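Written out below as structure tokens is the structure these notes cover.
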Amino acid sequence: MSASLRFKVVGEAFTKKPVDVPNCTERPSEFFAKYVFNRQKMFKYLPAKVYKKMCDVIDNGTTLDLETADQVAAAMKQWAMELGVTHCTHWFQPLTEGTAEKHDGFVEHDWKGGMVEEFSGKELIQQEPDASSFPSGGIRSTFEARGYSAWDPASPVFVIGDTLMIPTIFISYTGEALDYKAPLKKALNAVDKAATAVVHYFNPEVKKVVSNLGWEQEYFLVDEGLFAARPDLLMTGRTLMGHDSAKNQQMDDHYFGSIPMRVSMFMKDLEMQALELGIPCKTRHNEVAPNQFELAPIFEETNLAVDHNMLIMGLMKNVARKHGFRCLLHEKPFAGINGSGKHNNWSLSTDNGILLHGPGKTPTDNLRFITFVVETLMAVYKHNGLLKASIISATNAHRLGANEAPPAIISSFLGKQLSDVLKALEDSDDDSLFNLSGKKQMSLDIPQIPDLLLDNTDRNRTSPFAFTGNRFEFRAVGSQANCAAAMIVLNTAVAEALTSFKERVDALISGGMDKVKAIVKVVREDIKVCKPIHFDGNGYSEEWKQEAKRRGLDTESSAPLMLDQYVTPETIEMFSRMDVMNECELRARNEIKLDTYTKKIQIEARIFGDLCLNHIIPVATRYQSQLIENVHKMRDIFPKDKAEKLSAMNMELIEQISEHSLFITENVQRLIDARKVANKLEDEREKAIAYHDTVAPLLESIRYHVDKLELIVDDELWPLPKYREMLFIR
Ligand code: ADP
Ligand code: MG
């Protein structure tokens, strides 16, 4: 891009007017789930008997027979055609971190020379997408390229544009999971079973335990003209070079600031479309970094929440384009300012509305509460390395361990009140301790401000897994990740902890011990065991790294090595015991993650090399030539001494440019060589390690010199939009 073109694009970005979104007179409750075939629609379109059958399938997981499926499909078709729908697709979540769909028209021959709209139960329930191009980690050799997608009735069908979208799981011909949803559903089933059994100590009437997820999605917006002028953003989702803007987030003036008009129109549009798709959007605000924002819905059952998060990420990208933006979901699109995460607020609750991670009013409620908190900590403690592996990726690695994001060590913050309770329980042998009050009144002596209800916790933003009053908040999840990866591990690990808890309590009870005494005894034991995971201090500090190592927590900081956790004996044992994934599936997942890691860095290294050689070095050289010419001309018109004096600064710049340029060209060559060496490695793990150890560090060290050149070279010549131009669009 020429300099004048850069200025033109920047100018256009700054003067763009907001795209108007017409005011909607309907209330959100009126258009909520307008495009979702939910229970209300089922009730309207299905015969009563079929409706009841479907509720049974959804609530109790009974199998769906083909006859019922045919009737449901016919009703769906009718509803969808009233909305102008012509196509349908199975919508699934392969291990690529996106979603996949293949649209089929409703049309069939009518065998009279015409066409007829058809949609059968069989098409609804199952399809066989040719899946040979999806990552399978060696599960499916190409001669068995068939994969099955199968309808997940727990997540309702919805309509986007002219297409009926059917949420499905995706499995191989031989039954192994090729996606996120199949193991997620098994993990949710495992935690339901294990938690229900434990809840029965306290509330025998409970039939089901549900896992809840409330995600908070962070994202950046960039003007699309500027985005298009940055090949690195376009190809990798992040800026591989770019000097800090003089002003970035140091004034703390963006967080919770008033939302710029153009962005606010985008948000309004996005929320309306999301609400129509049944996503219960609630919160929106500016985030810490300039041009960074957040959207959070009300929490939902985890399976549905995962689908909705995948859906919103797609929606954000589409709606952004309508408003002349590009939505960046990368965890670290810009160096030097905050990256984006996706806090996963997680809890368990029962079918009759008990929040198992929330304190109650009676001692029994609170013993139950403490039990679930402690067993969650046991799960996180035992599998802290695996939890970290579940959220690591080449992109999230930039965020983890940096000073604004969760550290690369999983620990749990509990807050003073809960810590005190656990400590008291651990230290005493008094069984009558359970008397936490749910909320503590705090009287503020400020006129006109009502008394606040204080949560049972204070806040610690440096903790990757914090207790926040009635849930845990897993903050290390990356902004573009599928939440399912983390939710599979967390729910399975908690299922395992609760199962072991129940076994030990039952053993004591059958030995004659009183139930409450047995529960308290095991809880007390576990508080001691899982103590190393509890950390309320500053997770960013250097001392914590040392302390965590002493405590035996996983402190691995290399992403490929973190992924080893997927195939340790403890992991394999847990997943197979909880019936969520077998060893073959885990090995496949591990391999896919390694391969994805390698490819991401490979692409970055290639585009970075091109940018250095084709964009940066040529303009640096051109500017340097101008300076040299100037020095010569000085010598022509001034006496030698004076010319030397007047050219001193230019001489200095000429030298600096030479040094930076030399470093860049030499090291880009090293980068290419390092890639070649790594590419020759057959083993996925070895290759990913080579990319981590030899390729990625070169990107960083070369970048330093490019960013220095950005400060030296005439702004008129600089080919790429700068941070200060990209980050402050209003
Ligand atoms: P913040 O952490 O920024 O204060 P909020 O309080 O707005 O965020 O809540 C963030 C998310 O947590 C929302 O999606 C909310 O619905 C969800 N949430 C609240 N309570 C629970 C719970 N018990 N279990 C799971 N998610 C919850
Ligand atoms: Mg939060």
Side-chain angles (χ1 to χ4, degrees), residues 28 32 184 187-188 191-192 195 199 208-219 254-257 259 267 270-271 274-275 278-289 292-313 316 338 340-360 365 368-369 372-373 376 379-380 404-406 412-415 418 438-439 452-477 479 483-484 486-487 490-491 494:
F32 181 70
L184 176 67
L188 296 176
V191 84
D192 169 18
V199 174
K208 193 175 162 63
V209 169
V210 177
S211 160
N212 304 305
L213 168 61
W215 41 262
E216 301 163 57
Q217 178 71 53
E218 293 179 342
Y219 60 97
H254 194 255
Y255 190 57
F256 283 12
I259 300 171
M267 286 177 168
L270 172 67
E271 279 168 24
L275 285 162
I279 305 172
C281 298
K282 185 168 172 76
T283 308
R284 60 182 178 210
H285 60 80
N286 284 7
E287 259 301 329
V288 172
Q292 192 189 25
F293 308 94
E294 179 182 300
L295 178 148
I298 306 169
F299 69 90
E300 299 176 280
E301 186 274 319
T302 298
N303 180 42
L304 188 59
V306 165
D307 282 3
H308 280 167
N309 183 246
M310 296 308 286
L311 203 49
I312 202 97
M313 289 197 285
M316 280 175 159
N338 276 19
S340 297
K342 177 153 53 200
H343 295 179
N344 277 207
N345 294 269
W346 172 88
S347 67
L348 296 175
S349 62
T350 65
D351 57 334
N352 57 349
I354 305 169
L355 253 186
L356 297 172
H357 286 98
D365 288 352
R368 185 187 61 216
F369 161 61
F372 277 89
V373 165
T376 302
V380 176
E404 27 89 7
S412 187
F413 168 86
L414 298 177
L418 187 53
K439 299 265 180 183
L452 287 181
L453 280 177
L454 188 70
D455 264 339
N456 275 332
T457 67
D458 32 347
R459 297 245 166 179
N460 178 340
R461 289 280 154 191
T462 71
S463 177
F465 197 84
F467 178 73
T468 51
N470 59 8
R471 62 189 186 272
F472 280 93
E473 190 168 330
F474 192 14
R475 300 198 178 117
V477 182
S479 49
C483 307
M487 287 296 113
L490 179 60
N491 286 285
V494 171

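Nothing here was measured: the structure is a model prediction, and the numbers come from that model. Order of listing sets the numbers, starting from 1, for every ligand and every atom in it. Just so it is clear, the values below take in all heavy atoms, side chains as well, and ignore hydrogens, waters and symmetry mates.
Within ligand 1, the atoms closer than 4.0 Å to a non-hydrogen atom of N470 are 20 (N), 23 (N), numbered from 1 in the order shown. Remark: ligand 1 atoms within the under-4.0 Å shell around heavy atoms of L355 are 23 (N). Those atoms of ligand 1 that come under 4.0 Å of a heavy atom in E473, given as number and element, are 2 (O).
The heavy atom nearest to atom 19 (C) of ligand 1, considering only R475, R471, H343, is found in R471.
Inclusion of E216 in the set of residues having an N or O under 3.5 Å from an N or O of ligand 1 is warranted. For the pair L213 and ligand 1, the shortest N or O to N or O distance does not fall below 3.5 Å. Residue W346 has no nitrogen or oxygen atom sitting less than 3.5 Å from a nitrogen or oxygen atom of ligand 1, judged on distance alone. Annotation: S347 places an N or O atom under 3.5 Å from an N or O atom of ligand 1; distance criterion only. Note: an N/O pair closer than 3.5 Å links P297 and ligand 1 by distance alone.
Residues passing the ring-ring contact (aromatic ring centres under 6.0 Å, His included) test with W215, sequence neighbours excluded: none. Remark: A274 pairs with I279, C281, I312, L315 by the side chain to side chain contact (heavy atoms under 4.5 Å, CB included) rule, at least two apart or across chains.
Proximity of the aromatic rings of F472 and H357 is defined here by a centroid distance below 6.0 angstrom, and this criterion is met.
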